[in-house]
K.L.:
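This is the structure I want to talk about, given as structure tokens.
Just so it is clear, the values below take in all heavy atoms, side chains as well, and ignore hydrogens, waters and symmetry mates. Note that the structure is predicted; figures quoted are calculated from it, not measured.
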Amino acid sequence: MINNIKNIITTVTFCISLSLGLGAKESPSNAPEEKPNLSAIADQISELMRHHHYDPDQLKQKAYEQMEKKAELIAENADSVKDFVDGFNKAWKEGPFSHVRLDFAKMNAYALANYLDAMEVGGSGCQLSWEEDTAILTVNTMMGLDTIRQIQEAYSEIIANDAKALIIDLRNNGGGAFAIKPLVAHLTKKPLDAGVFVSQKWTGSHEGSPSKETIENVQPWEGWSIKTFWDDVVEKGILRVQLQPATEVYEGPVCVLVSNVTASAAELAADAMGQLDNVLIIGETTAGQMLSQTMFDLADGLQLSLPIADYFSASAGRLEGQGVSPDIQTVAADAMTAAMTWIQKNTTYHSEEDAL
């Protein structure tokens with residue numbers, strides 16, 4: 001189940017679910033199987049985009065119009081639903097914006113939204129290891145209640161053992177949801193404004209990015225429910241992401257490792273941590289896939305994910321298509337070595353015993 005959900009949660013970060021109830025009709029058992037009406041599904045996708053995309057003006061651009069025509073051709077030429085799904089997803093890898101995907105539904109969109117709020121990833125969310133007195137926290141996903149617990153427990157150990165430095169490895173993290181909160185909360189002593197999400201309700205009456213004054217006038221969103229977050233961003237049009245400090249805070253030097261596959265909520269986390277004075281970002285520019293998606297049920301057992309909210313960083317502006325730029329640029333494979341080298345050159349001994 002986790003593998004089937006992974007393609008969705010890699011780019012999930014904050015959306016709203018809706019079931020259209022467009023299930024395919026069953027044919028009589030003695031009748032020949034008819035080819036599904038894939039063109040009708042392509043039309044449904046276009047209609048959902050127009051009604052729910054975070055900025056309908058982007059759908060008027062040539063790049064999207066070409067993608068829409070490509071989807072129609074794929075539907076006309078596909079011999080099966082699977083062929084259509086595969087062709088559609090392959091095409092959208094080069095699409096004008098991220099967080100668009102077709103999948104065969106394992107549960108309806110409403111049930112999936114509830115599942116994501118309660119899911120656990122089986123203990124693989126993060127791991128803590130040590131290189132002498134440097135802590136290495138590898139965070140593989142921002143999803144999972146167990147990931148949240150693991151991050152909190154890891155920080156308790158890191159702080160209790162007075163780590164000389166901390167390396168947070170996000171190189172293989174494709175995103176998710178609220179594991180970003182404890183990951184950042186244990187590094188700041190005061191509330192940290194990460195950025196804002198904006199949906200169609202906001203973009204329909206504004207141009208460009210939200211101003212600093214606009215952001216400051218928005219009440220910070222609080223909570224842990226993905227589904228509630230999705231509902232609120234659609235209803236209110238703009239949501240402010242302010243990360244609150246944890247009780248235990250690590251104040252030593254921090255190196256955050258990123259790669260070109262670090263995406264979505266992991267980019268939000270890297271960007272937010274990068275605002276802190278004791279944090280250094282090392283590696284490659286991240287994927288630039290920072291939108292919020294939600295799932296919609298289609299005919300023939302399909303489910304569409306599409307982006308309903310854009311994200312603007314408080315420090316770097318829009319991250320979609322841009323990504324987070326590292327302070328020290330290096331290929332992802334060399335980022336750990338670069339971090340260790342920097343720590344050795346820029347940290348002091350923690351005790352007289354260490355200095356001997």
Side-chain angles (χ1 to χ4, degrees), residues 1-25 33-113 116 174-175 200 230 261 263-264 287-310 320-321:
M1 184 63 185
I2 294 301
N3 289 334
N4 292 325
I5 296 298
K6 188 175 180 181
N7 288 327
I8 295 173
I9 67 173
T10 294
T11 49
V12 87
T13 57
F14 322 103
C15 338
I16 179 173
S17 64
L18 174 68
S19 174
L20 298 182
L22 298 173
K25 295 181 180 179
E33 184 177 348
E34 296 181 3
K35 180 180 176 180
N37 189 348
L38 299 176
S39 293
I41 296 177
D43 290 341
Q44 292 169 15
I45 292 171
S46 295
E47 188 70 13
L48 285 168
M49 283 285 189
R50 283 190 289 271
H51 281 89
H52 302 285
H53 189 274
Y54 61 90
D55 187 359
D57 282 346
Q58 289 199 9
L59 306 186
K60 300 174 184 177
Q61 297 178 5
K62 186 176 181 180
Y64 176 74
E65 292 176 351
Q66 291 176 337
M67 186 60 63
E68 197 171 40
K69 291 177 181 178
K70 187 176 290 188
E72 293 171 359
L73 286 174
I74 294 170
E76 290 174 5
N77 295 319
D79 293 326
S80 66
V81 176
K82 185 179 184 305
D83 286 343
F84 176 61
V85 170
D86 292 343
F88 181 91
N89 289 335
K90 182 179 179 180
W92 262 102
K93 287 182 178 179
E94 306 299 327
F97 44 83
S98 65
H99 289 64
V100 177
R101 183 176 175 83
L102 269 181
D103 284 289
F104 289 95
K106 297 299 181 182
M107 61 184 78
N108 66 47
Y110 180 83
L112 179 56
L116 292 175
Q200 189 176 128
W230 299 346
V261 298
S264 199
Q289 297 177 357
M290 186 55 243
L291 299 174
S292 300
Q293 73 182 42
T294 189
M295 293 73 68
F296 298 85
D297 293 326
L298 300 173
D300 292 290
L302 295 181
Q303 206 165 75
L304 172 71
S305 299
L306 69 85
I308 59 154
D310 200 355
E320 172 73 9

K.L.:
What is the distance from atom OH of Tyr64 to atom CG of Asp57, rounded to the nearest 0.5 Å?
P.N.:
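That separation rounds to 13.5 Å.
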K.L.:
Taking only distance into account, with no hydrogens and no angle test, what donor-acceptor pairs under 3.5 Å do side-chain atoms of residues 87-95 form with protein atoms, sequence neighbours excluded?
P.N.:
residue, atom, partner, partner atom, Å
Asn89, OD1, Leu102, N, 2.8
Asn89, ND2, Val85, O, 3.4
Asn89, ND2, Leu102, O, 2.9

K.L.:
Grab the two heavy atoms, one from Gly175 and one from Ser264, that are nearest each other, plus how far apart they are.
P.N.:
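Nearest heavy atoms, Gly175 then Ser264: CA-CB, 4.1 Å.
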K.L.:
Is it the case that the side chain of Asp103 and the backbone of Gln303 share a donor-acceptor pair, with hydrogens and angles ignored and the cut-off at 3.5 Å?
P.N.:
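Checked: no pair found.
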K.L.:
Supply the atom-to-atom distance Ser292 OG to Asp310 CG, rounded to the nearest 0.5 angstrom.
P.N.:
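Interatomic distance, Ser292 OG to Asp310 CG, rounded to 0.5 Å: 8.5 Å.
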K.L.:
State, yes or no, whether a side-chain contact exists between Asp300 and Ile41 at a heavy-atom distance under 4.5 Å.
P.N.:
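Yes, at least one pair of side-chain atoms sits under 4.5 Å.
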K.L.:
Roughly how far apart are Leu112 CG and Met107 CE, rounded to 0.5 Å?
P.N.:
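Output value for this atom pair is 5.5 Å.
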K.L.:
Could you report the tightest heavy-atom contact between Glu76 and Ser39, atom names first, then the distance?
P.N.:
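The pair with the smallest heavy-atom distance is CG-OG, 4.0 Å.
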K.L.:
Would you check if Phe97 and Leu306 make a side-chain contact, meaning some heavy-atom pair closer than 4.5 Å?
P.N.:
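No, side chains not in contact.
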K.L.:
Which heavy-atom pair separates Leu38 from Ala78 by the least distance, and what is that distance?
P.N.:
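Minimum heavy-atom separation between Leu38 and Ala78: CD1-CB, 3.6 Å.
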K.L.:
Determine yes or no for a side-chain-to-main-chain donor-acceptor pair under 3.5 angstrom, with Gln289 supplying the side chain and His99 the backbone.
P.N.:
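Not a single qualifying donor-acceptor pair exists.
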K.L.:
Which residue, Leu304, Leu302, Val100, forms the side chain to side chain contact (heavy atoms under 4.5 Å, CB included) with Ile45?
P.N.:
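Answer after filtering Leu304, Leu302, Val100: Leu304.
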K.L.:
Is the backbone of Ser98 close enough, under 3.5 Å, to the side chain of Glu320 for a donor and an acceptor to pair up by distance?
P.N.:
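Yes: the side chain of Glu320 pairs with the backbone of Ser98.
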K.L.:
Just wondering, do Leu48 and Leu298 contact through their side chains at under 4.5 Å, heavy atoms?
P.N.:
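Answer yes - side chains close enough.
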K.L.:
Hey, are the side chains of Gln58 and Gln61 touching, using non-hydrogen atoms and a 4.5 Å cut-off?
P.N.:
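Yes - at least one pair of side-chain heavy atoms lies under 4.5 Å apart.
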K.L.:
Which heavy atom of His53 sits nearest a heavy atom of Gln200, and at what distance?
P.N.:
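Smallest heavy-atom distance, with atoms named: O-NE2, 2.8 Å.
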K.L.:
Give every residue pair that meets the salt bridge (charged side-chain N to carboxylate O under 4.0 Å, His left out) criterion with at least one member in residues 66-75, sequence neighbours excluded.
P.N.:
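Non-adjacent pairs meeting salt bridge (charged side-chain N to carboxylate O under 4.0 Å, His left out): Arg50-Glu68.
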